[in-house]
Amino acid sequence: MLCANSPASAGENVQPSSASKGSLRGLDWLNFFLADVQSGVGPFLAIYLAGSGWNEQTIGIALTGGGIAGIIAQTPAGALADRVHSKRAMIAGGVIALAIGALMIALYPTFWAVMSAQTLIGVSSSVFGPTVVAISLGLVGRELFDRRQGRNQTFNSAGNVVAAVSMGLIGYFLSNRGIFFFVIAFTIPTLWALARVKAKEIDYAVARGSNDGGQSTGSSSIAHLLKDRQLVIFLICAVLFHFANAAMLPLLGEMLSKGHGRSSMMFMSACVVTTQIVVTLLASWSGIKARQWGRKPLLLIAFGVLPIRGVLYTMANAAPSLVAIQVLDGIAAAIFGVVSVLVIADLTKGTGRFNLTLGAVTTAVGIGAALSQSIAGGIVHRFGYHAGFLFLAAVAAGAFILLWTAMPETRDIKQDRRSAAGPES
């Protein structure tokens, strides 16, 4: 079995998980189909609204509405994932609510209907991240968690590829509205995959980051989280990363939609597919290398490509070149999606507040992402797309410098630092 505080060689044997193959396969397909369900309310929404006559600033406000709803719900969702045994029921409820929101957008693309739907989608989607991660940790345990997280990201990205291709074809040959009916249809296989994960095989104590036997060593309050200097530094880095990243793809979609008519949906599909193919190829590798190399070297790669991507958008004019730049988005997304969760697991091991912390970090990240959509949309509306992309690139450069100079390596962090605060309250 791998030691939790030491790197593993590429050929090292790892003790298999005690979870059944059925549950693990169900978790694979859950990640795959959740991507299909969520993709339709991401970058494709910006194109759909632009095609319905919305301007850049109004689109940014609508996207921000869903982001704010998600922000409000993320931390409670993480705390709930720590406390509730019925994690599958949380996901099922979120999937059904998301489908209702997609139906509202498809049938009523007016401002208040879309804002209401975005609020519903933001709240329902907030449960997916911490709950899927909690189920994964509870099924495979800490020793296999880095590899499991890489596998989760691989299947999620593969689902994004299928969703992007399908939605691009639907938008081109049928209508942009058809994308949201695609989302609704895929709630059925998502719920099927969820049912395959056996609840009795999820270790409740391990799923919330407690020590063996369910013992917890840290406070579960938000105030305690903010006393952890390393966690606060990582939180700031993550917020800046997502502030710089969140608006880039929607802005690119809006830019591609100018003068391209129906083909803009195909261009956006190509962008998403390019990104997700790269993520699919790199996610499992990122989980393995995070154990071998440590977390920080990989994070520096992810943070380093983001400002380069923002600058390149201002230098490319042809759609194929803009699509090719999405390779950098895939590199950043693959690494951050896997390694950020591992960093949080490192910092909260033995405390019993893993999902609460994950939810709190996701809340902060959501603030950055929501502000990014609104602020960048306003900049583009007044000064043009190049100004918007350069602004986001500058924020990304600042995030890279902060990570490089202030964030320590967390792979070999000692339990003494995490448990120093005393018993859980």
Inset, instruction - Please check if the distance between the ring centroids of Phe391 and Phe383 is under 6.0 Å. - result: no

Inset, instruction - Could you check if a side-chain atom of Phe145 sits within less than 4.5 angstrom of a side-chain atom of Val133, using non-hydrogen atoms only? - result: yes

Legend entry - Contact list for residues 301-311, test side-chain hydrogen bond (donor to acceptor under 3.5 Å, both in side chains), sequence neighbours left out: Asn245-Arg309, Arg309-Tyr313, Arg309-Asp329

Inset, instruction - Scan side-chain atoms only and decide if Ser284 and Thr154 contain a donor-acceptor pair under the 3.5 Å cut-off. - result: yes

Inset, instruction - Could you tell me whether the side chain of Ile121 reaches within less than 4.5 Å of the side chain of Ile105, counting heavy atoms only? - result: yes

Inset, instruction - Please say whether more than 12 non-hydrogen atoms of neighbouring residues, nucleotides or ligands are located less than 6.0 Å from CH2 in Trp192. - result: yes

Legend entry - Any Phe180 side-chain heavy atom under 4.5 Å of Leu107 side chain: no

Inset, instruction - For a side-chain contact (heavy atoms from CB on, under 4.5 Å) with Leu194, tell me which candidate from Leu34, Leu27, Ile91, Val95 qualifies. - result: Ile91

Inset, instruction - State, without any angle test, whether Thr410 and Gln230 hold a side-chain donor-acceptor pair at a distance under 3.5 Å. - result: no

Legend entry - Least distance between heavy atoms, Ala134 atom then Lys87 atom: CB-CD, 4.0 Å

Inset, instruction - Just do the salt bridge (Lys or Arg N to Asp or Glu O under 4.0 Å) check on Arg196 and Asp28 with the steps written out, would you? - result: CA-CA 10 Å; Arg196 293 196 64 190; Asp28 288 340; over 6 Å; no

Inset, instruction - Spell out, as yes or no, whether a donor-acceptor pair under 3.5 Å connects the side chain of Gln153 to the backbone of Ala334. - result: no

Inset, instruction - Check the angle between the aromatic planes of His242 and Phe336 and answer parallel, tilted or perpendicular using the 30° and 60° thresholds. - result: perpendicular

Inset, instruction - Without swapping roles, check the side chain of Ser23 against the backbone of Val197 for a donor-acceptor pair under 3.5 Å. - result: no

Inset, instruction - Just say parallel, tilted or perpendicular for the rings of Trp29 and Phe32, cut-offs at 30° and 60°. - result: perpendicular

Legend entry - Check: Thr280 side chain, Ala158 main-chain N or O, donor-acceptor pair, under 3.5 Å: yes

Legend entry - Test item: Val278 and Ile331 side chains (from C-beta on) under 4.5 Å apart, heavy atoms: yes

Legend entry - Criterion side-chain contact (heavy atoms from CB on, under 4.5 Å) on Phe234 and Ile344, from CA distance to verdict: CA-CA 9 Å; Phe234 179 71; Ile344 295 171; 4.2 Å; yes

Legend entry - Which atom of Ala364 lies closest to which atom of Val239, heavy atoms considered: O-CG2, 3.3 Å

Inset, instruction - Run through Leu306, Val365, Val395 and flag the one making a side-chain contact (heavy atoms from CB on, under 4.5 Å) with Phe241. - result: Leu306

Legend entry - Contact check, side chains of Arg147 and Val140, non-hydrogen atoms, under 4.5 Å: no

Legend entry - Within-4.5 Å side-chain heavy-atom neighbours: Leu251 and Leu392: yes

Inset, instruction - Decide yes or no for Leu403 and Leu300: does some side-chain heavy atom of the first lie under 4.5 Å from some side-chain heavy atom of the second? - result: yes

Inset, instruction - Determine the minimum heavy-atom distance between Ile325 and Ala316, stating which atoms define it. - result: CD1-CB, 4.0 Å

